[in-house]
Engineer: 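Sharing a structure with you now.
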Amino acid sequence: MTATEPEAEVRELTYLGAFNEALFQLMREDEDIFIAGEDVGLTGGVFGSFAGLIDEFGERRCVDTPISEQAIVGLGIGAAVSGLRPIVDLMFMDFILVAMDQIANQAAKLKYMFGGNATLPLTITTNGGAGVSAAAQHSQSLEAMLCHVPGLKVVMPSSPADLKGLLVACVREDNPTILVKNKRMFGKRGPVPEALYEIPLGVGNVVREGTDVTVVAYGRMVPESEKAAERLAEEGVSCEIVDPRTVQPLDTDLLVASARKTNRVVVVHEAVRFGGLGAEIAAQIQEEAFDYLDAPVARIAAPFSPIPFSPGLERHYVPNAKRISEGILETLGRPVPGA
Amino acid sequence: MTATEPEAEVRELTYLGAFNEALFQLMREDEDIFIAGEDVGLTGGVFGSFAGLIDEFGERRCVDTPISEQAIVGLGIGAAVSGLRPIVDLMFMDFILVAMDQIANQAAKLKYMFGGNATLPLTITTNGGAGVSAAAQHSQSLEAMLCHVPGLKVVMPSSPADLKGLLVACVREDNPTILVKNKRMFGKRGPVPEALYEIPLGVGNVVREGTDVTVVAYGRMVPESEKAAERLAEEGVSCEIVDPRTVQPLDTDLLVASARKTNRVVVVHEAVRFGGLGAEIAAQIQEEAFDYLDAPVARIAAPFSPIPFSPGLERHYVPNAKRISEGILETLGRPVPGA
Amino acid sequence: MEPTVDILKDLHYRMLRIRLFEEAAGRLFEGNKMPGFLHLYVGQEAVAAGVCVAMRDDDQVSSTHRGHGHLVAKGGDLNKMMAELMGKADGYCNGKGGSMHICDLDLNMLGANGIVGGGTPIAVGAGFANKYKGNDTVSVAFFGDGSTNIGAFHEAINMAAALRLPVLFVCENNEYGEYTRRDKVMAINDVVDRAAGYGIPGVIVDGMDAVAVYEAAVEGLARARRGEGPTFIEAKTYRYYNHHGVQTLGMKYRTDEEVDAWKAKDCIEGFERRVTEAGLISADELAAVRVELEAEVEAAVEFGENSPLPEVSTLLTDVYTEVSR
Amino acid sequence: MEPTVDILKDLHYRMLRIRLFEEAAGRLFEGNKMPGFLHLYVGQEAVAAGVCVAMRDDDQVSSTHRGHGHLVAKGGDLNKMMAELMGKADGYCNGKGGSMHICDLDLNMLGANGIVGGGTPIAVGAGFANKYKGNDTVSVAFFGDGSTNIGAFHEAINMAAALRLPVLFVCENNEYGEYTRRDKVMAINDVVDRAAGYGIPGVIVDGMDAVAVYEAAVEGLARARRGEGPTFIEAKTYRYYNHHGVQTLGMKYRTDEEVDAWKAKDCIEGFERRVTEAGLISADELAAVRVELEAEVEAAVEFGENSPLPEVSTLLTDVYTEVSR
Ligand SMILES: Cc1ncc(C[n+]2csc(CCOP(=O)(O)OP(=O)(O)O)c2C)c(N)n1
Ligand SMILES: Cc1ncc(C[n+]2csc(CCOP(=O)(O)OP(=O)(O)O)c2C)c(N)n1
Ligand SMILES: [Mg+2]
Ligand SMILES: [Mg+2]
């Protein structure tokens, strides 16, 4: 834990509440911060993320936009280059695909193309993840696409406290950042310090210490992995859970150190396995910890299909504690119950 | 080599010539095929890919569109669902980001979302790759983004003969495919059979047999790897070069078999290393050939920055035979000259 | 074109079929029997019915997130629809699509769409195919007022105009995109003001009047069939329920008075009053239709409830069309 | 507003400065000294000059792939421009951007753009910032006729209109997008027909007449400064050279006669003739300006040629702004 991380005495807040509180505090602190997006003003965001902000900060700083994801991101770019510190919201992570040119061809590359002569303090917030029967176009985890684009930073918080601290870091950061909340965590409660604090981007977190296997997880897969670790602890398996928190830049050192310690690694994410971030993590770990590995780096992830609507299918699509436990046991070469 | 691969007696054609010939032959064979895109009609494509087609097939089948990448892909989707077999062109691969919603949220998922009740024989053609001072927005290799999307097939041909046979397979395929030509290979000549033939999607090719190390490469990195292999052969290093040709679906069996044979693997691509397809290939190889590997799977790829304009910088950005040789020597644990 | 009595009956039948289906879906949603998002079409029935009655069966439809009405109006099977909305195996998409992706390609209904503006280019592609094949089939793109602010819409309608494709563009202007009033996000009085920018004719109709919608659609479809290109219809209408889900009144973004004022113009009540007063259809006949449709909807609910969840084995099917060579 | 003689001189100066710079760039390109793509602005100088003379220095510009003219007109340093186009270390972007990404944020020129339509939303963002800050600065979006068919353009201009932002939209209608005639890709006579669809005023000007452009820009800028929102100016103009590169005549997509007819209306020749005939500026003075600018351009070429290629060590810098806490 670094000096900027949360202190001890804290209340409980929900994941969304932590996000919302951070926005209030940030906007009070810095007049250059504004929010823009669909329904973020009057309605306070379709999930309530922006609730109440317009009452305190007015329409000037809480801007309801047309349904125009490209222009929403472009608005952010132009305003950021002009010295403001915009937070623009894309309601669902799936919609980054609608705005991908502005995100990946414009925002990400502007500074470099301009030979360094630009600063782009732009934060994009969005909501990802499956498990709420939102079907193929409202459930995706597309961080792998964003991580592949030099110039962006990408954050996937796994707890209310991390969400607050990472959002603060994103907004204060002088580069384009994308913060992805997980839809199934909105109501999840946890201790959150009241004061404004920052969790630095690119610094991962050892969520649970262990010795037998390293589980690398982020976003909602962290609590799922914790559940798996609890269960396995009863069977005498000691899991170390490492949460990179920021997936770009990735805290490779932390992941590699843990891999070298436990000698076995399982990477977990909600995104599709093929070409997911797990591939990059596996590739880096085998590069950096080759001689330490007692088993291949394993990946637990979504299978190769779009996300189904029916709860009857979706619950087999998204990785959960059970599948994580099984993957861990397999990597340990132990018998998998029912397998 | 399967039965559908090129035969022996062939003339030489350029890479672009092979593409163009395949289009003529396909369009003669099947009245349902049409091409649509910016400048593909009257002008024959800005690179000449579609030259002459309008003279034989007329404006009805060679459609000049507005500058509207989303609608171009959407036109293809709607026409494909209606029973035609469209080929739509996006001038530069970078522009897939403009049309990413139609590609990844619509075309890729339509069949699945509809419970199977749709067939989408859509081919998207485009031009990728760096090395022509086209700068950050006209030089990218973005296949990793596309490969991560279930429902798409993605092809990156490395020779005129492969380009022809793979294009034919794409167009005849009843799924959305994306074929990426490499801009720096347009004029490259090679033997190409005259008759119409198909190279099946998902079947890789051992371009060169060897015993010391497997080089996995696709697109323009294949000829670069061949140059590297030639040089290293003089120093007694025997390289096997495996070209997956189709990057989605990936011919994992072929790559793994080669890895198990040579025990060392170097993956080469033009795309940015972080989150590139090399990560997926490395992850799969260490999963499937863990006990066979004598060294980590290495990746030679572009560094983590947008693509610079200046030739003085760009030539250090794109992997070439020299960097590939060095990577191979490193993976073999041999001294790298000048290192 | 003045509608015949048969046409009037058809308009009424389709409107009511939508209404009753949607009300039932809303109840199931409230009862937690319908997972995910539910965007009800109630209030706008005259638009789907008016347009679809004017269409031929071979004409195609592309739709939106608010797509049930279009499928019902196209003749959708209520059993399969209800089952799909409940995520069941016997649904139109075998439970894989749900409300936002419901479709019936056999009925030429090319699918609802979860992406605002995402379906419009697809309608243009279908229109292209019609012209290419040289038939006189027309494709119809339904879309909301809010969706006219997104890039895909713009590109698609311009392309259809430039290539003179047989497409009918039907804007269902219900004055809101989710919870944002239209005047906040576009500086024009009527959405149809955009038509001139594409060089195509535009017309405003009362979207609460199925006959008016029908007549405009007949015109637009005929024009497209004659090879004269697209037409833009703006139907002024209103959704009674919330953007998503069922709540009607007591919302922050619009007043209860506004809701009530629109309900006073209800497309079905008004229609029934007019046709009975004019002696065109008897009150008894209307009542009989209602009884019939109530039974159909009830059966659909039962069908949906009795349908099993999809087999896990289907999770990874339908991603690709298998090649059979 | 009638321009003063000083304004006239300024218009002439900026047009000629663009012309001479571009001609020199074209020669270097032909001599293989300029890598990559080169989209020359020659023929359209009256537009950039007319608008930029009307602008204040603090007003911003967003540009396109054909962006040199806008930067020169904004007062760009020809040395740094030429060096950038040659990929040299002393260029505006230290060789990292090249022709398609040339910019000078100090001059409030927010960059050329390689993506058609990509720059327009950025101008809207700058306009938003101006309004937010409560200053009366205006941002100007330059864009081609072809770019008005792409989604990003549509979203951006609608957003500016809806939020009543101080943005001036300047369409340089040269009747072609690459090698495709405009009438093939849009079914309207004038691009300005689109303005009404966004609820903003639109005006057509002769884009070969710097004074006409200037006057329209003065109006549009004043309107924006008064808080009345965006204006759309369509400047009818023409590019003499090929879409990319230098070839002028003998092309398939347009006739030599058409090129010659436009050249007969050349913005600089015509301007010089008119002002000398009217006795407003002497031929000697015009000639002196030309001599001065020729020298400046020649020096820029030399500067560019003498500038070294960027150090390899800069390859990976400027990807991120370093955090300094
Ligand atoms: C690209 C995209 N942006 C945002 C959304 C979220 N969304 C769903 S419906 C909707 C409002 C659409 O308004 P309108 O087109 O008027 O249709 P209506 O809901 O009124 O029928 C929005 C913003 C989406 N699905 N897709
Ligand atoms: C999204 C995108 N599509 C296509 C291109 C290729 N392209 C570059 S310039 C151009 C034509 C632009 O036409 P217009 O806007 O009229 O500008 P002009 O070249 O006439 O100045 C095209 C199609 C691109 N750069 N970006
Ligand atoms: Mg609406
Ligand atoms: Mg043009």
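Computed over heavy atoms, backbone and side chain alike; hydrogens, waters and symmetry mates excluded.
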Engineer: Walk me through it: do A:Gln286 and B:Val297 pass the test side chain to side chain contact (heavy atoms under 4.5 Å, CB included)?
Structural biologist: CA-CA 7 Å; A:Gln286 62 94 37; B:Val297 179; 3.7 Å; yes
Engineer: I need the minimum non-hydrogen distance between B:Pro150 and A:Phe304, along with the two atoms involved.
Structural biologist: CA-CZ, 3.5 Å
Engineer: What part of A:Met113 gets within 4.5 angstrom of chain B, counting heavy atoms only: side chain, backbone, both, or neither?
Structural biologist: side chain
Engineer: Which heavy atom of A:Gln140 sits nearest to which heavy atom of B:Asn105, and what is that distance?
Structural biologist: NE2-OD1, 2.9 Å
Engineer: Salt-bridged, B:Arg273 to A:Glu280, with N to O below 4.0 Å?
Structural biologist: no
Engineer: Is the closest side-chain heavy-atom distance between B:Gln137 and A:Gln106 below 4.5 Å?
Structural biologist: yes
Engineer: Name the region of B:Leu293, side chain, backbone, both or neither, that has any atom closer than 4.5 Å to a heavy atom of chain A.
Structural biologist: both
Engineer: For chain A, which of B:Pro308, B:Gly275, B:Ala279, B:Pro296 has the most heavy-atom pairs under 4.5 Å?
Structural biologist: B:Pro296
Engineer: Given that the side chain runs from C-beta out, which part of A:Ala135 has a heavy atom under 4.5 Å from chain B: side chain, backbone, both or neither?
Structural biologist: neither
Engineer: Let me confirm one number: the CZ-OH distance from A:Phe309 to B:Tyr112, rounded to the nearest 0.5 Å.
Structural biologist: 12.5 Å
Engineer: Is A:Val267 close to chain B through its backbone or its side chain, or both, or neither, when contacts mean heavy atoms under 4.5 Å?
Structural biologist: neither
Engineer: Between A:Val98, A:Ile307, A:Ile285, which shows the greatest number of heavy-atom pairs under 4.5 Å with chain B?
Structural biologist: A:Val98
Engineer: For the OG atom of A:Ser305 and the NZ atom of B:Lys111, what is their distance to the nearest 0.5 Å?
Structural biologist: 13.5 Å
Engineer: Between B:Phe274 and A:Leu250, does the side chain to side chain contact (heavy atoms under 4.5 Å, CB included) criterion hold? Intermediate values first, please.
Structural biologist: CA-CA 10 Å; B:Phe274 192 105; A:Leu250 189 67; 4.1 Å; yes
Engineer: Taking all non-hydrogen atoms of both residues into account, name the closest pair between B:Ala283 and A:Ala282 and its distance.
Structural biologist: CB-CB, 3.9 Å
Engineer: Check whether B:Ala99 gets within reach of chain A through its side chain, its backbone, both or neither, counting any heavy atom under 4.5 Å.
Structural biologist: neither
Engineer: Given a strict heavy-atom distance threshold of 4.5 Å, which part of A:Gln70 is in contact with chain B: side chain, backbone, both, or neither?
Structural biologist: side chain
Engineer: Pick from B:Val149, B:Leu142, B:Leu146: which one makes a side chain to side chain contact (heavy atoms under 4.5 Å, CB included) with A:Met145?
Structural biologist: B:Val149
Engineer: Is B:Gln248 close to chain A through its backbone or its side chain, or both, or neither, when contacts mean heavy atoms under 4.5 Å?
Structural biologist: side chain
Engineer: Mind checking the CE-CD1 spacing from B:Met100 to A:Ile96? Nearest 0.5 Å is all I need.
Structural biologist: 8.5 Å
Engineer: In terms of heavy-atom proximity below 4.5 Å to chain B, should A:Ala289 be classed as side chain, backbone, both, or neither?
Structural biologist: neither
Engineer: Counting heavy atoms not belonging to A:Tyr292, are there more than 12 under 6.0 Å from its OH?
Structural biologist: no
